[in-house]
Amino acid sequence: PKNTLTYGVRLNYRDLNDQLLVSPRLQYAFSPTWEREVVFRAAVGLYQQPPFYRELRDRDGYVKRKVRAQSSWHNIVSLDYNFKMWGRDFKWVTEAYYKYMWNIIPYEVDNVRIRYAAHNRATAYAAGFDVRISGEFIEGAQSWFSLGILTTEEDLQDDEHGYRRRPSDQRVNLGVYFQDHIPNDPSIRMYLSLLVGTGLPFGPPNNEEYRNAFTGKAYRRVDIGFSKIFDFEEKHPEGKLKSLWISAEILNLMNFTN
């Protein structure tokens, strides 16, 4: 078996609010002596993000210099499994995580604007599960399929509502990227991309009573692309132009309104 321990610490000091940030991190990986290549991982770490200008500015335009860094404690376990199918290499990745967050600066999405509260007013958490498989489903063309499940909520101080959904609480995400090529000419390729996500929460602007109380429509998108690679190096090895790649894409093929 193979054991790997990775650790470190990140230091950051910001004179704007005189805050010193110490962020330790630790990761352990274990690879057993099995016939199949499997790696188990576990990681913990403290992550602290000093506020940016938009997070310091309140809705009246004043800059709050004493806003503290948002902090989160990450706990992650994962599994990587490399295997062969149809004589080709594939990889299965599974990850589960839980993150506890404090000194959170709440925000809301107002049309295309993100409006921050400019003070550390909340605690929050995020928990989820991701799975992804990738490989050559078509020989010579990499494709992948992924599924993500997430829940993230926050508790605002003094609002007497407890935990409520955060604006980024998109419960389910499905992603597909599939490539194919002409059997006798791999230089001519096609890809198909599919994204589906459940609706994000929203509420009336400037209304804490119904903050993120409703759910928007699901996000859906399909893209398709075609490409042709011209390889000049084989026929003209002395030439300056080695290859040329021409591609065309149709974005939002199904004309979904998101």
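Nothing fancy with the numbering, it's 1 onward along the sequence. Small disclaimer: the values here were computed from a predicted structure and weren't measured.
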Closest contact, heavy atoms only, Pro205 versus Glu108: CA-OE2, 4.0 Å
Return the CZ to CG distance between Arg221 and Leu253, rounded to the nearest 0.5 Å. 11.0 Å
Gln142 CD: over 12 foreign heavy atoms closer than 6.0 Å: yes
Lys/Arg cation over aromatic Tyr107: Arg113, 6.0 Å, 45° cone: no
Let me check something: do Leu150 and Tyr163 share a hydrophobic cluster, defined by ILVMFWY side-chain heavy atoms less than 4.5 Å apart, either directly or through other members? no
Where is the tightest heavy-atom contact between Ser23 and Gln48, given as atom of each residue plus distance? OG-NE2, 3.4 Å
Minimum heavy-atom separation for Pro201 and Asp169, please, with both atom names. CD-O, 3.6 Å
Rounded to the nearest 0.5 Å, how far does OG of Ser193 lie from CD of Gln179? 10.5 Å
Glu37 bridged to Lys2 by N-O distance under 4.0 Å: no
Output for pair (Arg57 CZ, Arg115 CZ), nearest 0.5 Å, gives 9.5 Å
Do the rings of Phe90 and Phe83 sit parallel, tilted or perpendicular, given the 30° and 60° boundaries? parallel
Rounded to the nearest 0.5 angstrom, the CG-CG distance for Leu195 and Asn173 is 8.0 Å
What I'd like to find out is whether the side chain of Arg211 reaches to under 4.5 Å of the side chain of Arg164, using heavy atoms alone. yes
Evaluate the side-chain contact (heavy atoms from CB on, under 4.5 Å) criterion for residues Val67 and Ile105: first the C-alpha distance (whole Å), next the side-chain angles of each, then the deciding distance (0.1 Å), finally the verdict. CA-CA 9 Å; Val67 175; Ile105 304 169; 3.5 Å; yes
Is it the case that atom CD in Glu160 sees more than 12 heavy atoms from other parts of the structure closer than 6.0 Å? no
Which heavy atom of Phe230 sits nearest to which heavy atom of Ile246, and what is that distance? CE1-CD1, 3.8 Å
Flag if over 12 foreign heavy atoms under 6.0 Å of CZ, Arg65: no
Out of curiosity, Gln70 CD to Ile104 CD1, how far, rounded to the nearest 0.5 Å? 4.5 Å
Nearest-0.5 Å distance, CD1 of residue Ile229 to CZ of residue Arg189: 6.0 Å
Counting only heavy atoms not in Arg10, do more than 12 fall under 6.0 Å of its CZ? no
I would like to know whether Phe129 and Thr94 meet side-chain contact (heavy atoms from CB on, under 4.5 Å); could you show each step before the answer? CA-CA 8 Å; Phe129 175 84; Thr94 302; 3.3 Å; yes
With a distance cut-off below 6.0 Å to the six-membered ring centre and an angular limit of 45° from the axis, does Lys228 pair with Phe226 as a cation-pi contact? no
Check the hydrophobic clustering (I, L, V, M, F, W, Y; side-chain heavy atoms under 4.5 Å; chains of links allowed) and say if Tyr81 and Val131 are grouped together. yes
Taking Leu46's backbone N and O only, do any of them form a donor-acceptor pair with Ser72's side chain (distance below 3.5 Å, no angle check)? no
Heavy atoms of other groups near Trp144 CH2, more than 12 under 6.0 Å: yes
Between the main-chain N or O of Arg171 and the side-chain N or O of Thr198, is there a donor-acceptor pair closer than 3.5 Å? yes
Heavy-atom distance under 4.5 Å between the side chains of Asn82 and Asp89, does that happen here? no
Heavy-atom side-chain proximity of Asn120 to Trp102 below 4.5 angstrom: no
Can you give me the closest heavy-atom contact between Phe214 and Pro204, atom names plus distance? CE1-CD, 4.0 Å
Which label fits Tyr98 and Tyr125: parallel for a plane angle under 30°, tilted from 30 to 60°, or perpendicular past 60°? parallel
Check whether any side-chain heavy atom of Arg68 lies under 4.5 Å from a side-chain heavy atom of Gln19, and answer yes or no. yes
Linking I/L/V/M/F/W/Y whenever their side-chain heavy atoms sit closer than 4.5 Å, directly or via other members, would Leu251 and Ile224 fall into one cluster? no
Shortest non-hydrogen contact from His181 to Ala141? CD2-CB, 4.1 Å
Does Tyr191 belong to the same Ile/Leu/Val/Met/Phe/Trp/Tyr cluster as Phe137, with side-chain heavy atoms less than 4.5 Å apart forming each link? no
Validation row: Asn3, Tyr28 side chains within 4.5 angstrom (heavy atoms): yes
For Asn212 and Arg165, indicate whether the former's side chain and the latter's backbone hold a donor-acceptor pair under 3.5 Å. yes
Other residues, nucleotides and ligands only: do more than 12 of their heavy atoms fall within 6.0 Å of CH2 on Trp73? yes
I'd like to know whether Tyr100 forms a side-chain contact (heavy atoms from CB on, under 4.5 Å) with Asn75, so could you lay out the CA-CA distance, the side-chain angles of the two residues, the decisive distance to 0.1 Å, and finally the verdict. CA-CA 9 Å; Tyr100 176 72; Asn75 304 274; over 6 Å; no
If you draw a 6.0 Å radius around OH in Tyr13, do more than 12 non-hydrogen atoms from other residues or ligands fall strictly inside? yes
Give a yes or no on whether the backbone of Gly61 and the side-chain of Asp58 come within a donor-acceptor separation of less than 3.5 Å. yes
State plainly whether the residues Asp130 and Arg132 are in salt-bridge range, i.e. N to O under 4.0 Å. no
If you apply the rule side-chain contact (heavy atoms from CB on, under 4.5 Å), what do you find for His161 with Leu156, and how did you get there? CA-CA 8 Å; His161 282 281; Leu156 274 62; over 6 Å; no
If Ile, Leu, Val, Met, Phe, Trp and Tyr residues are connected whenever their side-chain heavy atoms lie under 4.5 Å apart, and connections chain through other members, are Leu174 and Phe178 in the same group? yes
Find out whether Asp80 and Arg41 are in side-chain contact, i.e. whether some heavy atom of one side chain is under 4.5 Å from a heavy atom of the other. yes
Less than 4.5 Å apart, any side-chain heavy atom of Leu56 and any of Leu16? yes
Within the 4.5 Å heavy-atom criterion, are Val9 and Val22 side-chain neighbours or not? yes
